[in-house]
Amino acid sequence: MPELPEVEITRRGIEPFILGKTITGVAVRNPNLRRRVQRNIERLIVGRLVERVVRRGKYLLFECEGGSLIVHLGMSGSLRVVEPQAPPRKHDHLDLIFGGTALRLHDPRRFGMVLWNEGDASRHPLLARLGIEPLGEHFSAEFLHRATRGRNVGIKQLLMNANVIVGIGNIYANESLFAAGIHPRTRAGRLSRARCGRLVAAVRDTLVAALAAGGSSLRDFVHSDGASGYFQQHYYVYDRATLPCRVCGAAIRVARLGQRSTFYCATCQK
Ligand SMILES: [Zn+2]
């Protein structure tokens with residue numbers, strides 16, 4: 001599943017091809033995504049110039065005069081830059097055409113979304129209640145300390161609550177808690193101010209390292225004719241159940257927490 005770093009890398013990858021460009025056409029091969037693509041999408045967006053390409057959580061917003069195209073990659077989506085006449089592969093459901101370049105959505109599981117929204121996208125119900133950005137300036141020890149007071153939920157579940165902090169998926173929640181030395185079940189409200197600070201730093205470092213890893217594969221990611229393009233990374237705990245901890249050698253444990261697989265080292269994380 002594309003997580004925040006993949007979405008941000010996608011944003012950086014496609015921006016040079018669409019920023020300041022006018023949408024000249026849309027090719028919808030299969031409108032049945034998570035939300036059905038609007039029947040009149042062509043009339044809604046053709047002729048509009050993309051003024052900004054921004055990310056909010058895991059949503060990409062192609063901001064135009066009068067509104068935004070809201071794009072979400074869902075569980076399995078990816079965007080590639082292709083020539084409009086390039087033959088589509090299976091699951092290439094939609095093209096946004098910018099003259100001689102097309103942005104092609106590939107989405108085997110069809111949980112992605114392409115939606116034109118008139119007006120300010122930040123007020124759209126999908127985006128209006130999103131929490132703060134983990135790479136933004138407001139995500140600080142003070143913020144996390146305040147946001148966790150009185151919360152009995154485990155810190156991992158709170159980290160993954162998009163109404164509090166947006167875009168920290170299961171992989172980065174697991175990895176950040178390991179980096180901060182915090183047990184995922186720790187009740188959020190019990191975290192000291194100092195540990196909140198360590199966790200904020202760990203979340204940022206983990207995401208920035210993922211962006212750096214993705215940056216090196218950016219070319220393939222956007223242009224490749226190959227597979228999904230999600231980048232592989234070196235994880236400390238995620239998906240490493242029973243393997244030795246890279247720091248202390250103890251076996252990594254796995255538990256279900258809030259329906260999600262939770263990986264941790266019981267020695268390194270207290
Ligand atoms: Zn360990």
Side-chain angles (χ1 to χ4, degrees), residues 1-9 57-58 75 131-136 138-217 228 230-270:
M1 184 187 310
E3 295 225 27
L4 186 150
E6 276 97 351
V7 178
E8 175 60 22
I9 289 292
K58 297 206 290 187
M75 307 282 286
I132 68 164
E133 289 284 338
L135 291 171
H138 300 299
F139 184 53
S140 62
E142 293 73 33
F143 166 82
L144 190 61
H145 193 249
R146 229 182 311 118
T148 48
R149 290 315 88 183
R151 303 292 289 263
N152 250 329
V153 68
I155 183 59
K156 178 166 180 265
Q157 282 167 272
L158 187 129
L159 270 188
M160 293 180 65
N161 181 343
N163 295 327
V164 180
I165 309 151
V166 74
I168 303 182
N170 196 35
I171 294 174
Y172 298 104
N174 278 304
E175 292 294 302
S176 301
L177 286 163
F178 176 80
I182 296 171
H183 195 289
R185 280 190 208 277
T186 307
R187 277 189 277 156
R190 300 284 298 274
L191 276 186
S192 68
R193 165 87 187 237
R195 299 188 95 198
C196 287
R198 278 206 292 284
L199 184 51
V200 165
V203 166
R204 282 182 192 279
D205 289 351
T206 303
L207 291 174
V208 167
L211 285 174
S216 59
S217 62
S228 72
Y230 304 147
F231 37 92
Q232 286 302 309
Q233 290 172 75
H234 182 81
Y235 298 126
Y236 281 92
V237 287
Y238 179 75
D239 206 19
R240 296 195 70 243
T242 74
L243 294 173
C245 172
R246 296 190 199 278
V247 172
C248 75
I252 299 298
R253 299 187 186 188
V254 62
R256 295 296 280 182
L257 242 176
Q259 320 293 337
R260 303 304 299 270
S261 294
T262 299
F263 302 91
Y264 63 98
C265 172
T267 309
C268 294
Q269 294 173 259
K270 298 297 181 191

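Whatever order the structure lists ligands and atoms in, that order sets their numbers, starting from 1.
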| said: Looking only at side-chain N and O atoms, does R256 offer a donor or acceptor that is under 3.5 Å from a partner on S261? | reply: yes

| Judged by atom type as modelled, is there a donor-acceptor pair below 3.5 Å linking the side chain of K58 to the main-chain atoms of P2? | yes

| field | Enclosure of Y236 OH (heavy-atom neighbours >12, cutoff 6.0 Å) | value | no

| remark: Ignoring waters, protein N/O/S atoms under 2.8 Å from the Zn ion (ligand 1) are C245 SG, C248 SG, C265 SG, C268 SG

| field | Heavy-atom closest contact (S176 atom, A202 atom, distance) | value | O-CB, 3.4 Å

| query | Is any side-chain heavy atom of P134 less than 4.5 Å from a side-chain heavy atom of L207? | reply | yes

| task | Supply the atom-to-atom distance L158 CG to N152 CG, rounded to the nearest 0.5 angstrom. | result | 11.5 Å

